[in-house]
2 protein chains.
Amino acid sequence: MKVGIFIMPKKRTLPYIILGILAQKDEQTGRQITLQFQNEIGEFWKAAHSQIYPELKKMVADDWIEKQTHAGNDKEIYYRLTPKGQAELLAWITQPIDELPVSQDIFSLKLFFIQEATDPRIKTMIAEERALLKKQLAHLKEREHLLFDGHVNQGSYGHYLILKRAIARLKSQLVWLDTVEN
Amino acid sequence: MKVGIFIMPKKRTLPYIILGILAQKDEQTGRQITLQFQNEIGEFWKAAHSQIYPELKKMVADDWIEKQTHAGNDKEIYYRLTPKGQAELLAWITQPIDELPVSQDIFSLKLFFIQEATDPRIKTMIAEERALLKKQLAHLKEREHLLFDGHVNQGSYGHYLILKRAIARLKSQLVWLDTVEN
DNA sequence: ACTGCCATGTAATTAGTTACATGATTAT
DNA sequence: ATAATCATGTAACTAATTACATGGCAGT
């Protein structure tokens, strides 16, 4: 997309996810934010602490978040949203999505390279993929039980939704695997 | 994953996809390979020509592919697999997948940030997402009709599969959207 | 003449990964 | 003691994106 002399910046996602994490629960440390990526968010975005810590510094510099240390605790650094950060999050959510994501599904790509329907590798690959999906599905169902157990808590609708979304995705993939096998 | 003094290289995907593209039809130019990413493969991996051309050079240097120019045509450069490239492709497909991909679904992430079920933005976001999904589904169904039209051609099973996979994915997402709306 | 596409390439930058690093605390 | 985890950070590198760049050829 070329727009005159303006350079179009690459689409950023990580800082907005961090804003979203802090919007759900203020006063979180870099480590707590990092750990969020191991749960439901990790189904849709991954980031290591080595990417998060510098990002937090940048966000402080840009006045999207502010740091706060607690007395008698020089180890942990807590972050919370600034009004500007809240505004940025709002603007980002409101902005329409213009294209669908790429799923980077290595399994599908590997299948793409198999030219003959009779190839014996297909069975093995499906079995392995099914095992991975089942394991993750079990994990997410446990999370659902643990976090919500039937009822959605006030102010957790978003969290509830993406957990449900992840579960639905896994289930549909398992259904599709069955159709391939026959 | 730390394994003694060995440095674990980052997981590469692009060169293997290029090998797969050349395995389906030998003698393709950089441009033809680039264009493949606009169709079915693009559902699962994207790459611009500015990434592909340098990658092709590297793959030639590594003896995974070889370049070939045709007489009276100094414009186009054709590539084909070397035995080593074929072996690399085979090895990659055989290697088990150890973890599920991250879908990088911005729509799901944005939903995550919406805390209340009554938020009026949800309706708009779903409508926009539905439009995107429907458009892409229509496109893929047309591709299916164009390329296969009921029967799978010999040697195109992989291509057929990932097209079917992409269609199934889109359909399941549309179904899920309905469940959110109510 | 101009627009758009074919075909290939490079430059500059940002995003993301792997590894290295330190010091404190908690469990066995 | 020592192993694991908490908590933060940096260094080095690879992958990927956006933009710049050139020359040819086809259509209007």
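Keep in mind that what you see is a predicted model, and the values were worked out from it rather than measured. Sequence lines set the chain letters: A, B, ... in the order given, protein chains first and strands last, and positions in each chain run from 1.
For residues 69-81 of chain A, the set of pairs meeting the salt bridge (charged side-chain N to carboxylate O under 4.0 Å, His left out) definition, not counting sequence neighbours, comprises A/Glu27-A/Arg80, A/Glu66-A/Arg80. Annotation: side-chain hydrogen bond (donor to acceptor under 3.5 Å, both in side chains) contacts involving residues 109-122 of chain A, sequence neighbours excluded, comprise A/Asp119-A/Arg121.
Both cation-pi conditions hold for A/Arg165 and B/Trp176: the charged atom is under 6.0 angstrom from the six-membered ring centre and inside a 45 degree cone around its axis.
Place B/Leu56 and A/Lys75 on DNA chain C by their nearest nucleotides, and B/Leu56 ends up nearer the 5' end. The residue among A/Tyr78 and A/Pro9 whose nearest nucleotide of DNA chain D is located toward the 5' end is A/Tyr78.
Residues passing the ring pair (Phe, Tyr, Trp, His ring centres under 6.0 Å) test with A/Trp92, sequence neighbours excluded: A/Tyr16, B/Phe113. Take B/Asp62 and apply the side chain to side chain donor-acceptor pair (under 3.5 Å) test, not counting sequence neighbours, and it matches B/Lys58. Contacts of B/Phe107 classified as ring pair (Phe, Tyr, Trp, His ring centres under 6.0 Å), with partners at least two apart in sequence or in another chain: none. The side chain to side chain donor-acceptor pair (under 3.5 Å) search around A/Ser172 returns B/Ser172, not counting sequence neighbours.
When heavy atoms are screened at a 4.0 angstrom cut-off, A/Lys57 is found touching the sugar-phosphate backbone but no base atom.
Sorted by residue number, the list of members of residues 61-72 of chain A with any non-hydrogen atom under 4.0 Å from DNA chain C is empty. Contacts with DNA chain D (heavy atom under 4.0 Å) in residues 23-53 of chain A: A/Thr29, A/Gly30, A/Arg31, A/His49, A/Ser50, A/Tyr53, listed by number.
The nearest whole Å value for the distance from the CZ atom in B/Arg12 to the C1' atom in C/dG16 is 14 Å. As rounded to whole Å, 7 Å separates atom P of C/dG16 from atom CD of B/Gln104. Distance, A/Lys11 NZ to C/dG16 P: 14 Å, rounded to whole Å. To the nearest angstrom, C1' of D/dT22 lies 14 Å from CG of B/Asp74.
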Please set out all donor-acceptor pairs under 3.5 angstrom arising from side-chain atoms of residues 123-140 of chain B, sequence neighbours excluded.
| unit_1 | atom_1 | unit_2 | atom_2 | d |
| --- | --- | --- | --- | --- |
| B/Arg130 | NH1 | B/Asp178 | OD1 | 2.8 |
| B/Arg130 | NH2 | B/Glu181 | OE1 | 2.6 |
| B/Gln136 | NE2 | B/Glu43 | OE2 | 2.3 |

